[in-house]
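The next block holds one structure in the form of structure tokens; read it before the comments.
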Amino acid sequence: MSTTAIAIVADTLLGIAQIAANGYAAAKRAEANGGELTPEDRDAMAERRANATATMDQIGAELRALGDG
Amino acid sequence: MRSREVIRRGHMLPILLMVAFVLPGVGCGGDAIKNLTAAGKFDIAMETATGVMEELTIQAGYVVEDRRAGVIDQHEAERRYDALRSSQQALGGAAELARVAFESGDDPALLTTDLNAAIGAARAVIRREGR
């Protein structure tokens, strides 16, 4: 395996580890909060939904512009 | 090849990283998730809905990519985009309604069931219109 391939695999695994760590941290905060997510974690989720919608609108504008061109 | 040499040459690095970081995280996270209440399970459904909304956006990005590459024409690209966007709006609406109902004290178990139905519908659109 080349050094580059190892770096890519390691980077991917670290990314997965980061996601697992974030999920684990949120789950532990939920445990400490009586089995529910904290209001801050819920707000962060709502923000992600808002971002997804806003990005979708941007993509739509980009697509319509392709049609106009 | 001796094991020390395997490690030194980096072949074992991904496996070591997996053992060191991912598996304990998943294991401990699994225990923590088991301890969640009905409200916690509702939170997981909300997280899933959020992830699916993000996936719909990613799929819309692929539509533009395919249009640019000439794989699909403008009409088909707009049809696919509209289907993905409508689905995202429906899921976002369902998530927002569920959030308000949850904060008003509605039964989280019932809300989770409703939300999972909306998630299922959005996933069907991704399977149909996405890559």
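The analysis underlying the following values was restricted to heavy atoms, covering all of them including side chains, and did not include hydrogens, waters or symmetry mates.
Among R42(A), R48(A), M45(A), the residue making the largest number of heavy-atom pairs under 4.5 Å with chain B is R48(A). Counting heavy-atom pairs under 4.5 Å between each of Q88(B), M53(B), H75(B), Q89(B) and chain A puts Q88(B) at the top. Ranked by non-hydrogen atom pairs under 4.5 Å with chain A, the options L56(B), V64(B), T50(B) are led by T50(B). For the set Q74(B), R99(B), R67(B), the count of heavy-atom pairs under 4.5 angstrom toward chain A peaks at Q74(B).
For the pair T53(A) and M56(A), the minimum side-chain heavy-atom distance is 4.5 Å or more. Contact annotation: the side chain of R131(B) never approaches that of V63(B) to less than 4.5 Å [non-hydrogen atoms, C-beta and beyond].
Comment: R64(A) engages D82(B) in a salt bridge, judged by a side-chain N to carboxylate O separation of less than 4.0 angstrom. Between D73(B) and R79(B) no salt bridge is recorded (no basic side-chain N to carboxylate O distance below 4.0 Å). The pair E62(A)-R68(B) counts as a salt bridge, with a side-chain nitrogen and a carboxylate oxygen less than 4.0 angstrom apart.
No part of N51(A) comes within reach of chain B, as not one of its non-hydrogen atoms sits under 4.5 angstrom from that chain. At a 4.5 Å heavy-atom cutoff, L91(B) makes no contact with chain A through either its backbone or its side chain. Looking at E54(B), both its backbone and its side chain come within 4.5 Å of chain A, counting heavy atoms on both sides. Contact of E55(B) with chain A is not made at all, since no heavy-atom distance falls under 4.5 Å. For L84(B), the parts sitting under 4.5 Å from any heavy atom of chain A are the backbone and the side chain alike.
Under the 3.5 Å distance criterion, the side-chain polar atoms of E129(B) are left unmatched by any main-chain donor or acceptor of Y81(B).
If you chain together hydrophobic residues whose side chains sit under 4.5 Å apart, L97(B) and V52(B) never meet in one group.
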